[in-house]
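Values in this document were obtained by computation on a predicted structure and should not be read as measured data. All residue numbers in this chain count up from 1 along the given sequence.
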Amino acid sequence: MPRTVDLVTSTQTSPLRFLKGHGTENDFVIVPDAENALDLPPAVVARLCDRRAGIGGDGLLHVVRSAAHPEARHLADEAEWFMDYRNADGSVAEMCGNGVRVFARYLEHAGHVTAGEVAVATRGGVKHVHLDKDGTVTVAMGRAVLPEAAATITVDGRSWPARNVNMGNPHAVAFVEDLDHAGNLLTEPAYAPASVYPDGVNIEFVVDRGPRHVAMRVHERGAAETRSCGTGACAVAVATARRDGADPAESGTPVTYTVDVLGGTLVITEHPDGRIDMTGPAVIVAEGTVDPVWLAAGPGNAAVTGIETVDD
């Protein structure tokens with residue numbers, strides 16, 4: 001059985017407690033810090049997320065009580081916990097759909113919530129999550145915004161028009177004939193005009209697999225290619241529905257798409273009022289501590305201790 005993890009109340013000399021989790025193999029370093037006592041500058045986050053010299057992850061979930069964080073205090077009456085999400089390069093991000101599922105799973109794992117409905121504050125607003133007893137997690141992802149401004153995506157001399165979808169963070173969705181056309185996605189694909197996405201963009205490449213069934217690859221802003229992207233899967237489902245002529249707001253009927261990502265499968269439903277639900281797995285796999293001396297010392301070998309696997 002999983003054991004409850006004590007929250008961090010850190011000084012410069014105390015170990016940094018962390019957990020590791022993933023949602024459809026979009027993986028995260030989880031740092032519990034209820035009272036927002038930790039200093040997590042971009043360089044520290046990047047070191048923790050480093051896959052060779054650190055713990056490794058597509059991003060970091062900083063777990064803070066909303067009332068203790070200046071960006072979330074105004075949401076404290078709606079959601080006790082704030083997901084202070086960071087990309088793997090240390091930059092701050094508005095939202096992460098897979099991250100919200102893993103964040104909610106951590107809250108359950110730590111004994112802060114039980115199965116059922118959970119509210120999570122994010123920079124993209126309060127997200128309502130349902131923790132099902134079968135292990136799946138459904139997140140109410142809010143509504144998609146489809147700006148008229150569009151971009152063109154280019155990889156290795158091929159170019160495609162991209163549908164502009166905002167899920168609280170920006171996405172460019174390009175439909176391709178083969179997912180290999182996305183290239184290696186180690187570097188960000190070119191897009192133009194740059195003014196459409198002044199703060200950068202997550203770029204999804206999509207192919208059809210069957211009726212209301214697609215597959216995607218994604219280059220996530222600040223993290224290169226990832227195994228999955230929850231907001232990206234929602235953006236892909238909405239863009240595909242519009243391409244297919246389906247708009248729940250007009251038909252009055254929900255539309256559901258199955259979206260295959262490299263790390264598994266997500267099910268996305270768009271409702272007539274615009275609400276989007278995302279359902280998929282979320283797992284806590286390990287926990288341990290990091291030596292703060294390593295974090296402060298700069299590049300080198302991590303002193304990671306006390307790692308143990310966790311049954312979920």
For F103 and W81 the tightest heavy-atom approach is CE2-CB, 3.9 Å
With distance as the sole criterion, is a donor-acceptor pair present between the side chains of Y85 and N169 under 3.5 Å? no
Is a donor on one side and an acceptor on the other found under 3.5 Å between the side chain of R221 and the backbone of D199? yes
Heavy atoms of A53 and W294 approach each other most closely as O-CZ2, 3.3 Å
Inspect the surroundings of CG in D178 and state if more than 12 heavy atoms from other residues, nucleotides or ligands are less than 6.0 Å away. yes
Shortest non-hydrogen contact from V259 toward A237: CG2-CB, 4.5 Å
Within the side chain of N87, is there an N or O that forms a donor-acceptor pair under 3.5 Å with the backbone of D89? no
I'd like to know if the side chain of R217 and the backbone of L179 have a donor-acceptor N/O pair within less than 3.5 Å. yes
Of all heavy-atom pairs linking A34 and V64, the shortest is O-CG1, 3.7 Å
Between the side chains of D260 and H213, does any donor sit under 3.5 Å from an acceptor? yes
Report yes or no: does R242 contribute a side-chain atom to a donor-acceptor pair with the main-chain N or O of A246 at less than 3.5 Å? yes
In one Ile/Leu/Val/Met/Phe/Trp/Tyr side-chain cluster, 4.5 Å: I268, L146: yes
Judged by modelled atom types alone, do E117 and H130 share a side-chain donor-acceptor pair under 3.5 Å? yes
Closest heavy-atom pair and its distance - A241, Y257: CA-OH, 3.5 Å
Let's go through C49 and R86 carefully: what are the C-alpha distance in whole Å and the side-chain angles of both, what is the deciding distance for side-chain contact (heavy atoms from CB on, under 4.5 Å) to 0.1 Å, and is it a yes or a no? CA-CA 10 Å; C49 292; R86 317 293 182 86; over 6 Å; no
